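Structure first, commentary second.
Computed from a predicted model, the values in this text were never measured in an experiment.
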Amino acid sequence: MRIATWNVNSIRSRIDRVVAWLEANDVDVLAIQETKCREDQFPGLELSALGYEYVHFGLNQWNGVALISRVGLEDVAMSYADDQPHFGDPAHLEARSIGATCGGVRVWSFYVPNGRTLDDPHYTYKLAWLERLHAASSQWLADDPQAQIAMVGDWNVAPTDEDVWDMSVFEGHTHVSVPEREAFQAIVDAGYADVVRPHTPGPGVYTYWDYQQLAFPKKRGLRIDFILASPALAARVDSAFIDREERKGKGPSDHAPVVIDIS
DNA sequence: ATGGTCGTCTTACGA
């Protein structure tokens, strides 16, 4: 079974690419982030025509997450916990999590808050969001140590210096701060392994390149999109890759798809 | 060719 994650940066502007990529890559489950649309705007017909089911959580032009599956889509949840942190004025549950059971695997599509700057309320929100996810996902494994769980998406954290094209440029910025890295590592330490990195060793291996300043051809990227797997699922991972070819051509997302194959 | 931001509720803001 093949599971993938991809921040598409607007599903409406990227639907032709998504359809072509699904067809070309024999994908069973695709987790999407940044759909940037409401339910009624989601281009579901194109996906149904390919034989996929889908679930989407989108409130407006911001955020938005979806799961697309051809191996079933059951027990859908729009938040990872009842107390997933809220944000905004008035504070509300943002469209940043969607989970479903697909082919026996509990798959979560996450769009972790960006943080913006280290002194922004959005940064505090980001840390709380990750800390609460750590608590919730730890409990899932406590409840069932054999659980098949994939937590995938845009984590907006570069866990190691190798995941950043030039650390000096990111001094004092989000994505690389110690609290963010500790929050990410806590989830790994709880038992959720990065199952892509062993198959795609760095340095210079990224999943995101800014649209500006020719970042992609200059190889100035970040590794911030991850597939974290519970122990029982991690044991089934045969291979993985980052499809950086998808960052090329006319009208790409600024993120590349990340893919695993499990037995 | 991969080539000097992009996407949205677009002249402002988030990423």
| said: Using a strict threshold of under 4.0 Å (side-chain N to carboxylate O), is an ion pair present between R2(A) and D261(A)? | reply: yes
| query | Within a reach of under 6.0 Å around CG of D82(A), are more than 12 heavy atoms found that belong to other residues, nucleotides or ligands? | reply | no
[atom1]-based separation of [M] from [N] [nearest Å]:
N       : M      : atom1 : value
dG3(B)  : dG7(B) : P     : 13 Å
dT11(B) : dC6(B) : C1'   : 15 Å
dG14(B) : dC9(B) : C1'   : 13 Å
dT10(B) : dT5(B) : P     : 23 Å

| query | Are the ring centres of Y111(A) and W62(A) closer than 6.0 Å? | reply | no
| task | Could you tell me whether the side chain of F184(A) reaches within less than 4.5 Å of the side chain of L228(A), counting heavy atoms only? | result | yes
| When clusters are formed by joining ILVMFWY residues with side-chain heavy atoms under 4.5 Å apart, either directly or through shared neighbours, do V152(A) and I98(A) land in the same one? | yes
| remark: Rounded to whole Å, the CH2-P distance (W209(A) to dG3(B)) equals 14 Å
| said: Without decimals, in angstroms, what is the distance between L214(A) CG and dT5(B) P? | reply: 7 Å
| field | nucleotides 7-15 of chain B: protein proximity per nucleotide (B base, S sugar-phosphate only, - neither; heavy atom, under 4.0 Å) | value | BSB----SS
| field | H56(A) versus C37(A), closest heavy-atom pair with distance | value | CE1-O, 3.3 Å
